[in-house]
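Below is one structure, written out as structure tokens, with a few remarks after it.
Since we're looking at a predicted model, the values are computed, not measured. Order of the sequence lines fixes the chain letters, A, B, ..., with proteins taken first and strands second; residue numbering starts at 1 for each chain. Excluded from the calculations below are hydrogen atoms, water molecules and symmetry mates; all remaining heavy atoms, backbone and side chain alike, are included.
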There are 2 protein chains.
Amino acid sequence: MSIKEDEFINALRKRGYRATRQRLTILKALRGSSTHPTAEELYNMVKPQIPNISLGTVYRSLELFERLGLLQKLSLGKSPCRYNGNPKMHYHAICLSCGRVFDVDEPVPNDLGRRFSEKTGFKITGYKLEFYGYCKECLSKSRKPEVR
Amino acid sequence: MSIKEDEFINALRKRGYRATRQRLTILKALRGSSTHPTAEELYNMVKPQIPNISLGTVYRSLELFERLGLLQKLSLGKSPCRYNGNPKMHYHAICLSCGRVFDVDEPVPNDLGRRFSEKTGFKITGYKLEFYGYCKECLSKSRKPEVR
DNA sequence: TTAGATGCAAAGGGTTTGCAACGTC
DNA sequence: GACGTTGCAAACCCTTTGCATCTAA
């Protein structure tokens, strides 16, 4: 865990960013969470350790982490964005009816996007795969399922 | 084209929604556009034909179309959401530096998500695959590329 | 006829931002 | 000491919503 922390600190310094207590604490909270917390949830998770941290700092850190490829940002319908700091890439399935986010544990085609990258010179640092549809519960409840 | 329009009208009526001029016009504008317009861009595209249409109606229609699986909504960083009405599924590659959206014309693994669906009873109506990274131009310009 | 849809405009709220103070290097 | 970062709170602006009116069925 501390080895990873060093890696993170180096990754920041290498690019001229500072390894502040706020950033370290936020990333640790994100990594330690198996859910996909919102910015506000992270704010509350971090507050016991840094009581006067501000929500703005959380947003600024998350934006930086995204640019550094350290997390996945999930923009769901109306609800606030959720952040996935799990280094293991995985898919999500999002229910269009209740809005819940499900993890999908399926193998990832490992050459996904390689051809595009070679053809265009686009450097892929990450990807996001989201399935949309309706979860079991909503399907059984809905009187008018909007399913193709 | 008119056949497709009939299909759309039926899809709406079947579920108790009305086939209004606004909805038909908005969907046609979206289908006829190869870019991924924002709600406001669609609003301006439709305005010549329905001068007193409101932005709220555009948003409400787009939200309905999404629930019906007729479009793909793309939530990009800070910019407003973009809507992809191209019936042919495709991927996108989003540059984290300049924010541009590139279409990826690569074959889609056709059984993606099938296992998850069978296992969990989740009914998949669509999916979204986005690559993140840095486009050629930004890579060559950037003095401090934030690339892993 | 009547229930769903629209137009309008105001409200909403997640996210961003300016600036002075602070902390890292 | 210099400059990147934070805290605070106000501003932003995309998106949603309430309500009277309209219209598709």
Side-chain angles (χ1 to χ4, degrees), chain A residues 5-6 8-27 29 36-44 46-47 49-68 71 73-83 96 99 143-144 146, chain B residues 5-6 8-27 36-44 46-47 49-68 71 73-83 99 143-144 146:
Chain A
E5 189 171 322
D6 289 349
F8 172 57
I9 291 174
N10 286 333
L12 285 175
R13 294 204 181 138
K14 209 182 347 186
R15 303 194 172 94
Y17 297 109
R18 291 182 182 169
T20 65
R21 190 158 74 99
Q22 286 85 344
R23 285 173 181 166
L24 293 174
T25 310
I26 292 167
L27 191 75
H36 311 91
T38 63
E40 186 151 12
E41 283 163 4
L42 276 168
Y43 171 66
N44 288 321
V46 168
K47 210 160 186 183
Q49 299 166 69
I50 311 179
N52 68 332
I53 195 171
S54 76
L55 191 53
T57 296
V58 175
Y59 274 108
R60 276 188 280 227
S61 301
L62 291 172
E63 196 235 354
L64 175 62
F65 297 165
E66 189 187 12
R67 276 187 288 121
L68 293 173
L71 59 75
K73 184 179 178 183
L74 303 171
S75 305
L76 317 168
K78 317 187 181 188
S79 41
C81 291
R82 297 191 162 274
Y83 297 87
L96 293 171
R143 280 176 299 180
K144 183 172 62 178
E146 281 156 353
Chain B
E5 189 171 322
D6 288 348
F8 172 57
I9 292 175
N10 286 332
L12 286 174
R13 294 203 182 141
K14 209 180 348 183
R15 302 192 173 95
Y17 297 109
R18 292 182 181 170
T20 64
R21 190 157 74 99
Q22 286 85 344
R23 286 173 180 168
L24 294 174
T25 311
I26 292 166
L27 191 75
H36 311 92
T38 63
E40 186 152 12
E41 283 164 2
L42 275 168
Y43 172 65
N44 289 321
V46 168
K47 210 160 186 183
Q49 299 165 67
I50 311 180
N52 68 333
I53 195 172
S54 75
L55 191 53
T57 296
V58 175
Y59 275 108
R60 274 188 282 226
S61 300
L62 291 172
E63 196 234 353
L64 175 62
F65 296 165
E66 188 186 14
R67 274 187 290 122
L68 293 173
L71 59 75
K73 184 179 178 182
L74 304 169
S75 305
L76 318 168
K78 317 185 181 192
S79 41
C81 291
R82 297 192 161 274
Y83 297 87
R143 282 174 299 179
K144 183 173 63 179
E146 283 156 352

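Within 4.0 Å of B:Ala19, counting heavy atoms only, lie sugar-phosphate atoms of the nucleic acid but no base atom. B:Arg23 comes within 4.0 angstrom of the backbone, heavy atoms only, and of no base.
Under the 4.5 Å side-chain criterion, counting only non-hydrogen atoms from C-beta, B:Val58 is not in contact with B:Val46. You'll find the side chain of A:Ile50 stays beyond 4.5 Å of the side chain of A:Thr57, heavy atoms only.
Separating the CZ atom of B:Arg13 from the P atom of C:dA3 is a distance of 19 Å, rounded to the nearest angstrom. Put simply, NZ on A:Lys14 is 19 Å from P on D:dG4, counting in whole angstrom units. Straight-line distance from the CZ atom of A:Arg60 to the C1' atom of C:dG14: 15 Å, rounded to whole Å. Atoms CG (B:Asn52) and C1' (C:dA9) sit 15 Å apart, rounded to a whole Å. Between the P atom of D:dT17 and the CG atom of B:Leu55 lies a distance of 14 Å, rounded to the nearest Å. We find that CG of A:Leu62 is positioned 10 Å from P of C:dT15, with the value rounded to whole Å. Remark: P of D:dT5 and CZ of A:Arg15 are 13 Å apart, rounded to the nearest angstrom. Atom-to-atom, CD1 of A:Ile50 to P of C:dT24 comes out at 11 Å; the value is rounded to the nearest Å.
You'll find that the side chain of A:Thr57 is closest to D:dG7, out of C:dC25, D:dG7, C:dT6. Minimum atom distance to the side chain of B:Thr20 is reached by C:dA5, of the listed C:dA5, D:dC14, D:dG7. Checking C:dG14, C:dA5, C:dG23 against every side-chain atom of B:Tyr17, the shortest atom distance belongs to C:dA5. Listed nucleotides: C:dG14, C:dG7, C:dC25. Nearest to the side chain of A:Pro80: C:dG14.
Mapping B:Cys81 and A:Ile53 onto DNA chain D by nearest heavy atom places A:Ile53 at the nucleotide closer to the 5' end. Map B:Gly56 and B:Arg18 each onto its nearest nucleotide of DNA chain C; the residue landing nearer the 5' end is B:Arg18.
A close approach under 4.0 Å does occur between a side-chain nitrogen or oxygen of B:Tyr59 and OP1 or OP2 of D:dT15. Listed pair B:Ser54 / C:dG7 meets the phosphate criterion, a side-chain N or O lying under 4.0 Å from OP1 or OP2. Dashed line: the shortest gap from a side-chain N or O of A:Arg21 to OP1 or OP2 of C:dG23 is not under 4.0 Å. Contact annotation: A:Gln22 does not reach the phosphate of C:dG23 (side-chain N/O to OP1 or OP2, under 4.0 Å).
Contact record, B:Arg23 with B:Phe65: O-CZ, 3.6 Å, taken as the closest heavy-atom pair. Counting all heavy atoms, side chain and backbone alike, B:His36 lies closest to B:Arg82 at O-NH1, 2.6 Å.
Note that the CG atom of A:Leu68 and the CZ atom of A:Phe8 stand 7.5 Å from one another [nearest 0.5 Å].
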